[in-house]
Student: 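Supplied in structure tokens, the structure appears directly below.
Bear in mind the structure is a predicted one, so any value in this text is a computation, not a measurement.
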Amino acid sequence: MLQEERFNRILEELSLRGAVKSINLAEMLDVSESTVRRDINELERSGKLRKVFGGAVPVKDAIKGGGVNSFVTDHEGHVEEKEAIARYAAGLIEDGDLVFIDAGSTTEKLVEHIDNSKASYMTNGLIHAQKLARKGLDVSVVSGRVKGGRLSVIGSRAVKSMASYNFTKCFMGTNGINEEKGFTTPDLDEAMVKEEAVRLSRKVYVLADSSKFGRISSATFAGLAGACIITDKLADEAYRGYAEVIEVL
């Protein structure tokens, strides 16, 4: 593929997703990550995007603290905070629970802390399912289209495959938390699955480090009301007026 073709594909993906990761672009374009990084550098020099650690965002979204999809570093950042959140959340799983676990970096850490063999689990994260199965736990996987990179199952078929379940608890990830827009994610197909999991769950837990507060991504999958947010540290106490908040650090 010629460089100009790669540029066009990268910009198309950025327009569609709102943020892109170098590792996902490399897979999509069938090139090395170093090639993608060079392409991103060229596109940044021409003013068509802004490079961030791990990928790129639109120029208007790259201002620190400013708005939609400011970062694309799900796995790289806030490791200590995510570990503490995941450890606490794992302790909320009780015998007899039917638990939905959302695909994502913080929920993946949750999976690593789960050891309750008297609960049942369902997830749209293929890596999550593999880790749970290796522990000998009762786990089912959502059926549908697989999204690369995160290896999550998304889309309308995934939603349909969940329809008959009544989850006692769900543990969700999010890209943004805002008083007005609620919990948001950049991908509409991911949002569909998240929304259905929330709808089918008796108790909704959202695992989010403090950097997620104040951000807004493209698609809302749930409002704040009725959810319990598990975070490291809450900087803005106003959020307690919209949802239950548990701080773990």
Student: For atom OH of Y242, decide whether the heavy atoms of other residues, nucleotides or ligands shown that lie under 6.0 angstrom number more than 12.
Tutor: no
Student: Just so I know, are the side chains of V57 and V20 near enough to count as touching, which here means a heavy-atom distance under 4.5 Å?
Tutor: no
Student: Report the distance from atom NZ of K181 to atom CZ of F221, rounding to the nearest 0.5 Å.
Tutor: 15.0 Å
Student: Salt bridge between R240 and E247, side-chain N to carboxylate O under 4.0 Å?
Tutor: yes
Student: Looking at K131 and E108, is any side-chain nitrogen of the basic one under 4.0 Å from a carboxylate oxygen of the acidic one?
Tutor: yes
Student: If we only count heavy atoms from C-beta on, is the C228 to V204 side-chain gap below 4.5 Å?
Tutor: no
Student: Quick one, T35 and R6 - any side-chain contact, counting heavy atoms below 4.5 Å?
Tutor: yes
Student: What's the verdict on side chain to side chain contact (heavy atoms under 4.5 Å, CB included) for L29 and I10, showing C-alpha distance, side-chain angles and the deciding distance?
Tutor: CA-CA 9 Å; L29 299 171; I10 290 169; 3.9 Å; yes
Student: Other residues, nucleotides and ligands only: do more than 12 of their heavy atoms fall within 6.0 Å of CZ on R45?
Tutor: yes
Student: Please say which of V153, D189, D187 ends up in a side-chain contact (heavy atoms from CB on, under 4.5 Å) with K147.
Tutor: D187
Student: Are L234 and L224 joined in one hydrophobic group, where the rule is that I, L, V, M, F, W and Y side chains link up if heavy atoms are under 4.5 Å apart?
Tutor: yes
Student: Are F213 and Y239 an aromatic pair, judged by ring center distance below 6.0 Å?
Tutor: yes
Student: Is there side-chain contact between D30 and E27, with heavy atoms separated by less than 4.5 Å?
Tutor: no
Student: Check the pair R215, N178 against side chain to side chain contact (heavy atoms under 4.5 Å, CB included), reporting the backbone distance first and the verdict last.
Tutor: CA-CA 6 Å; R215 292 191 190 177; N178 176 267; over 6 Å; no
Student: Could you tell me which non-hydrogen atom of A191 sits nearest to which non-hydrogen atom of A219, and how far apart they are?
Tutor: CB-CB, 3.8 Å
Student: Charged N to carboxylate O below 4.0 Å: is that the case for E42 and K48?
Tutor: no
Student: Would you say that I101 contacts L132 through its side chain, given a criterion of any heavy-atom pair below 4.5 Å between the two side chains?
Tutor: yes
Student: Working to the nearest 0.5 Å, report the span between CG of L207 and NZ of K212.
Tutor: 10.5 Å
Student: K51 vs N41, test: side chain to side chain donor-acceptor pair (under 3.5 Å). Steps then yes/no.
Tutor: CA-CA 7 Å; K51 179 176 67 174; N41 287 336; 2.9 Å; yes
Student: Could you grab the distance from atom CD of E83 to atom CG of D209, nearest 0.5 Å is fine?
Tutor: 12.5 Å
Student: With a 4.5 Å heavy-atom cut-off, do I93 and Y121 have their side chains touching?
Tutor: yes
Student: If I compare all heavy atoms of T107 with all of D102, which pair ends up nearest, and what's the gap?
Tutor: OG1-O, 2.5 Å
Student: Passes side chain to side chain donor-acceptor pair (under 3.5 Å), K194 versus T185? Steps please.
Tutor: CA-CA 9 Å; K194 289 173 178 283; T185 185; 4.9 Å; no
Student: Can you see which heavy atom on V193 is nearest to which on G155, and at what distance?
Tutor: CG2-N, 3.8 Å
Student: Could you go step by step and tell me if D115 and K135 meet the side chain to side chain contact (heavy atoms under 4.5 Å, CB included) rule?
Tutor: CA-CA 8 Å; D115 59 7; K135 293 183 177 188; 5.7 Å; no
Student: Pairing donors with acceptors under 3.5 angstrom, does anything connect the side chains of D138 and S120?
Tutor: yes
Student: Checking T184 side chain against I216 main chain: does a donor-acceptor pair fall under 3.5 Å?
Tutor: no
Student: Do L98 and L110 belong together in a cluster built from hydrophobic side chains that touch within less than 4.5 Å?
Tutor: no
Student: Spell out, as yes or no, whether a donor-acceptor pair under 3.5 Å connects the side chain of T123 to the backbone of G125.
Tutor: yes
Student: Side chains of S201 and K169 only: does a donor on one sit below 3.5 Å from an acceptor on the other?
Tutor: no
Student: Testing the basics here: between N116 and L137, what is the closest heavy-atom pair and its distance to 0.1 Å?
Tutor: O-CD2, 3.7 Å
Student: How far does NZ of K82 sit from OG of S211, to the nearest 0.5 angstrom?
Tutor: 7.5 Å
Student: How close do E196 and A163 get, counting heavy atoms only, and between which atoms?
Tutor: OE2-CA, 4.2 Å
Student: Output the distance between atom CD (E44) and atom CG (D39), rounded to the nearest 0.5 Å.
Tutor: 13.0 Å
Student: According to a hydrophobic-cluster definition based on side-chain heavy atoms being under 4.5 Å apart (Ile, Leu, Val, Met, Phe, Trp, Tyr only), do V141 and V111 belong together?
Tutor: no
Student: Please examine the side chains of E244 and I229, heavy atoms only from C-beta on, and report whether any two atoms are closer than 4.5 Å.
Tutor: no
Student: So how far is it from S22 OG to E33 CD, rounded to the nearest 0.5 Å?
Tutor: 6.5 Å
Student: Find out if a path of hydrophobic residues (ILVMFWY) with successive side-chain heavy-atom gaps under 4.5 Å connects F100 to L92.
Tutor: no
Student: Just do the side chain to side chain contact (heavy atoms under 4.5 Å, CB included) check on F7 and L43 with the steps written out, would you?
Tutor: CA-CA 7 Å; F7 285 177; L43 288 167; 3.8 Å; yes
Student: Does the side chain of N166 come within less than 4.5 Å of R202's, by heavy atoms?
Tutor: no
Student: Looking just at side-chain N and O atoms, do R37 and S34 make a donor-acceptor pair shorter than 3.5 Å?
Tutor: no
Student: Give the minimum heavy-atom separation between D232 and I85, together with the two atoms involved.
Tutor: N-CD1, 3.8 Å
Student: Should L200 and V139 be regarded as members of a common hydrophobic cluster, given that ILVMFWY residues are connected when their side-chain heavy atoms come within less than 4.5 Å of each other, either directly or indirectly?
Tutor: no
Student: Between the side chains of D97 and T168, is a donor N or O closer than 3.5 angstrom to an acceptor N or O?
Tutor: yes
Student: Under 3.5 Å, is there a donor-acceptor pair between the side chain of E5 and the main chain of L2?
Tutor: yes
Student: Distance to the ring centre below 6.0 angstrom and angle to the axis at most 45 degrees; does that hold for K203 and Y205?
Tutor: yes
